[in-house]
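A short write-up of the structure that comes next.
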Amino acid sequence: MASYLLKRVGLALLTLVLLSVIVFLAGRVLPGNPGRAVLGHTASAQAVAAFNHKLGLDRPLAVQYWSWVTGLLQGNLGTSYQYQAPVGQFLWPAALKSLKLAAVAFVIVVPLSILGGVVAALRRGRAVDRVISTTGLSLSTVPEFVSGIVLIVIFAIELKVLPPTANPPPGSGFGTQLRYLILPAFPLVFILFGYIARMARAGTVEALESDYVRTATLKGLPGRTVVLRHVLRNSLLPTITVIATQTGYLIGGLVVTETLFNYPGMGRLIFNAAQNKDFPMLEAGVLMIGVVYLVATLVADVAYTVLNPRLRLQGAE
Amino acid sequence: MATTEQGDSSAGAGSLSPGGAGSPEVVDPLLALALADHELRTAGTMAVSAGRIRREQLRLLVRSKTFLVGAAILVFWIVCAIFGGLFRPYNPLAQNLLATNQAPSAAHWFGTDNLGRDVASRVIMGSRQILVVAPVASLLGTILGTALGLLQGYYRGALDSLTGRVVDAFLALPIVIVAFLFIVAAGPSVATLIVVIGFAFGIVISRTVRTAVLQERELDYIAAARLRGEGAVHTMFVEILPNVAGPIIVEFTVRLGYAVFTVATLSFLGFGIQPPTPDWGADIAATYSYLSAGYWWETLFPALAIASLITAINLVGDAIESVIIQ
């Protein structure tokens, strides 16, 4: 078990290093000349050279990479081109904003999709199952800005029950803030529902067909007890992994939802950095998303191992 | 050629291993007879199925309602993309500043936008770019992913673990973000869009292909090919590839839906197809701020167009998948 954990963490670290190289290369090498890309075609050659020199972009690549990575490790995320201020100053508040939105989306989608998946599995092959599975699948394939617009038209403009933006008036309380985040959360909920529900359904179907559930039923336990105590416990394990892998996806979705609802989170920050060719901001933002994803999958893998007695015992031997 | 070989080898395996039929465990002669009969029949169908598989599958497809509905919508948009110029009511680029933000009417079925352009014409012509970019990007991704997956699954070892780690690193980022990073660096254009999406999809597809190849390479026909002295390239592309074609085709149709999703999203964000070219995602980006003023038609119709195209591709994809699995 300990050796498995060590191996798993090592692998995640290796992936992280590779990811930092990819992000670095995309931000520094692909644009050709960063100074030219930022300052535009009209800038003089001297201005471009001065820009590159001031930011140390004329040093060898390996040196640049090393100073970037060591800076990151010391908590220095770089200096934003467009604001001429430390990236961290913008990144952390934005991350907190996104966390709030993501939390609202998760709180809605996790119970809803697990319930949907389990109900579909218990009624598999019947109309309820078909409706849940088809709805989930079609919702998860429509882009967030499309479903977001339909939601805005219905709930904000026609029915006027929810605000069309995500930004509450300053100083508003928890309840009001929450009300403003419901509509922006739903495009994300739509996308995630299909995936999680499908996984919960598959896990439940497998558990329902297993020997221990048959034994539990045959020994006369009431249906509810069988489902709650024997089926759910086993069916939800794979679902945890899916939820974790969807965190990465969720952040991609945030870029779109936050833009649509004008919400100043991570997604908007990355979008804004991309629009303004603010490479240090873009690199730090993208790398942070990668870190969040790697940590989430790592936690899920570990949780899966700890919760699954078969894997736990294998490790102990 | 390769499929007949596989048919033969499975038929051979069938007759070699009737297992139960003659073995001491089966005492009931009737059961033994039934088993032998079953073996014979499976061997028979397997030999036949290789030749008939395509026509049979096509017939199943045409009979499926999901496929027909999806294909009908898809054909509609393809007709719009190719011949839209012949039947669009107005020039999609023609502005009329005296008739901006007009609600849907007999003259303008879907109304006009903030520059007085006819929304219906822009929706019809908006199918053109996305129906070029999405399929080409998916095709590129499928080719790249298949090549990478075959190499990884066939050679395994150092090559597999090294490229596998790079694939892992890319998979840690959502595709929209990967696309952002590279499109910003390279500058937005249709070519960049195709290359970036194709590359990102190739990475995802390589995973599926690799898994399928790892299973295939343990089978007898690969050992046979190796004993015959076939080279690596022949084994990968002539022996293995036809047998992993099913998952690859399914993966292509799934990716096609995502490609439309991604192109539309990137265009909405301003990193895809550029205005004033009619495009659903870009048009939505240009008009959604007018939603709160009540001009819903400018945004809603392109949005429905995107949703209908993706749904159509998924319906067709689902139908193909279920036929291939059968």
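By convention in this document, chain letters (A, B, ...) are assigned in the order of the sequence lines, proteins followed by strands, and residues within each chain are numbered from 1.
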Exercise. Do Ser20(A) and Tyr65(A) have side-chain atoms, one donor and one acceptor, less than 3.5 Å apart?
Worked result: yes
Exercise. Between Thr112(B) and Trp297(B), do the side chains contain an N or O donor and an N or O acceptor separated by less than 3.5 Å?
Worked result: no
Check: [X] side chain, [Y] main-chain N or O, donor-acceptor pair, under 3.5 Å:
{"X": "Thr66(B)", "Y": "Leu315(B)", "answer": "no"}
{"X": "Gln152(B)", "Y": "Arg210(B)", "answer": "no"}
{"X": "Arg268(A)", "Y": "Glu258(A)", "answer": "no"}
{"X": "Asp278(A)", "Y": "Asn272(A)", "answer": "no"}

Measure across [X] and [Y] and return the closest heavy-atom pair with its distance rounded to 0.1 Å.
{"X": "Pro104(B)", "Y": "Trp109(B)", "result": "CB-O, 3.1 Å"}
{"X": "Pro135(B)", "Y": "Val132(B)", "result": "CD-O, 3.4 Å"}
{"X": "Gly70(B)", "Y": "Val316(B)", "result": "C-CG2, 3.6 Å"}
{"X": "Tyr81(A)", "Y": "Lys277(A)", "result": "CD1-O, 3.5 Å"}
{"X": "Asn167(A)", "Y": "Pro264(A)", "result": "OD1-CD, 3.3 Å"}
{"X": "Ala120(A)", "Y": "Asp129(A)", "result": "CB-OD1, 3.4 Å"}

Where does [X] contact chain B at under 4.5 Å (heavy atoms): side chain, backbone, both or neither?
{"X": "Thr259(A)", "result": "both"}
{"X": "Ile191(A)", "result": "side chain"}
{"X": "Gln275(A)", "result": "both"}
{"X": "Phe271(A)", "result": "both"}
{"X": "Leu18(A)", "result": "both"}
{"X": "Leu137(A)", "result": "side chain"}
{"X": "Val286(A)", "result": "both"}
{"X": "Ile270(A)", "result": "both"}

For this session: For each of Val176(B), Asp318(B), Asn314(B), tally heavy-atom pairs with chain A at distances under 4.5 Å, and name the one with the top tally.
Result: Asn314(B)
Problem set entry | Most contacts with chain A, counted as non-hydrogen pairs under 4.5 angstrom, among Tyr258(B), Phe182(B), Tyr288(B) | Tyr288(B)
Heavy-atom pairs under 4.5 Å with chain B - which of [options] has more of them than the others?
{"options": "Thr141(A), Leu14(A), Val291(A)", "value": "Thr141(A)"}
{"options": "Gly253(A), Ala156(A), Gly285(A), Pro143(A)", "value": "Pro143(A)"}
{"options": "Leu282(A), Ile22(A), Val256(A), Ile289(A)", "value": "Ile22(A)"}
{"options": "Val23(A), Val153(A), Leu260(A)", "value": "Leu260(A)"}

For this session: Identify which part of Ile306(B) has an atom lying under 4.5 Å from any heavy atom of chain A, answering side chain, backbone, both or neither.
Result: side chain
Exercise. So what's closer than 4.5 Å to chain A heavy atoms on Asp168(B): side chain, backbone, both or neither?
Worked result: both
For this session: Count the heavy atoms of every other residue, nucleotide or ligand shown that sit under 6.0 Å from CZ of Phe155(A), and state whether that count exceeds 12.
Result: no
Exercise. Applying a criterion of heavy atom separation less than 4.5 Å, what residues of residues 267-280 of chain B form contacts with chain A?
Worked result: Phe268(B), Leu269(B), Phe271(B)
For this session: Look at the aromatic rings of Phe199(B) and Phe170(B) and report parallel, tilted or perpendicular, splitting at 30° and 60°.
Result: perpendicular
